Amino acid sequence: MLTGIATALGLGFLYFIAAIPAGTAAGAPVWMAGLAAGLGYLAGAGAVLLAGAPLREWLVRKLKIPVQRDPSKLVWRMWERGGLLGLCLIAPVTIGPQATAVIALAVGEKPRRILAAVAFGVLPWCMIFAVLTAFGFKLVD
């Protein structure tokens with residue numbers, strides 16, 4: 001069970017979509033894998049928020065995150081329509097928590113507000129992926 005929790009937590013930090021199914025496959029109950037994946041996801045955003053400007057600048061360069069507003073990019077269209085909450089709702093299945101935190105910081109949002117929005121944005125995805133995993137839904141055969 002601890003292996004499953006660690007798996008979900010680690011993948012939540014790095015690759016959220018696979019975190020709950022992998023945590024469950026490694027032996028954690030679905031609800032616990034969902035909780036661990038959500039906490040790992042939050043830790044990804046928290047790491048960027050705590051590390052400050054040097055890490056943000058490195059991530060922007062490494063991940064090629066467009067910090068200039070570009071209406072042709074999905075992330076910026078979502079920002080124009082939904083703001084921080086909209087960005088955080090699509091982030092678990094698109095850009096992830098680290099890039100979300102970088103973008104939100106780049107446009108001037110406060111770290112506490114970002115962390116709260118990231119937590120709110122990952123919650124429905126945790127529930128969706130947990131239910132799909134519980135019912136045995138597979139993306140790949």
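Remember, predicted model here, so these are calculated numbers, not experimental data.
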| side-chain contact (heavy atoms from CB on, under 4.5 Å) evaluation trace for Phe16 with Leu11 | CA-CA 6 Å; Phe16 178 76; Leu11 281 174; over 6 Å; no
| message | Go through it in stages, so that I can follow the logic: the residues are Ile20 and Trp125, the test is side-chain contact (heavy atoms from CB on, under 4.5 Å), and I'd like the CA-CA distance, side-chain angles, deciding distance and then a yes or no. | response | CA-CA 10 Å; Ile20 297 171; Trp125 291 106; over 6 Å; no
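For the residue pair Gly34 and Cys126, the shortest heavy atom distance occurs at O-SG, 3.6 Å. Heavy-atom minimum distance, Met1 versus Ala28: O-CB, 4.1 Å. Contact detail for Ala45 and Pro97: the closest heavy-atom pair is N-CB, 3.6 Å. The minimum heavy-atom distance linking Gly23 with Thr7 is given by the pair N-CG2, 4.1 Å. For Ala101 against Val48, the heavy-atom pair with the smallest separation is CB-CG1, 3.8 Å. Ala19 and Ala37 make their closest contact through CB-CB, 3.6 Å (heavy atoms, listed as atom of the first residue, atom of the second, distance).
The shortest side-chain heavy-atom distance between Pro92 and Ile17 does not fall under the 4.5 Å cut-off. Counting heavy atoms from C-beta outward, Pro111 and Leu105 have side chains that approach closer than 4.5 Å. Side-chain contact between Ile95 and Ile103: present, with at least one pair of heavy atoms (C-beta onward) separated by less than 4.5 Å. Residues Tyr41 and Leu123 form no side-chain contact, since every pair of their non-hydrogen atoms from C-beta on lies 4.5 Å or further apart.
Cluster membership check: Val93 does not share its hydrophobic cluster with Leu89, using side-chain heavy-atom separations under 4.5 Å among Ile, Leu, Val, Met, Phe, Trp and Tyr. Residues Ile128 and Phe135 do not share a hydrophobic cluster, clusters being chains of Ile/Leu/Val/Met/Phe/Trp/Tyr side chains in contact below 4.5 Å. Leu35 and Val122 end up in different hydrophobic clusters when Ile, Leu, Val, Met, Phe, Trp and Tyr side chains are linked at under 4.5 Å. When hydrophobic clusters are built by joining Ile, Leu, Val, Met, Phe, Trp and Tyr residues whose side-chain heavy atoms come closer than 4.5 Å, directly or via intermediates, Met127 is not grouped with Val30.
How far CE of Met32 is from CG of Leu2: 9.0 Å, rounded to the nearest 0.5 Å. Note: Arg112 CZ to Leu115 CG = 10.0 Å, rounded to the nearest 0.5 Å. The distance from the NZ atom of Lys110 to the CG atom of Leu49 is 13.0 Å, given to the nearest 0.5 Å.
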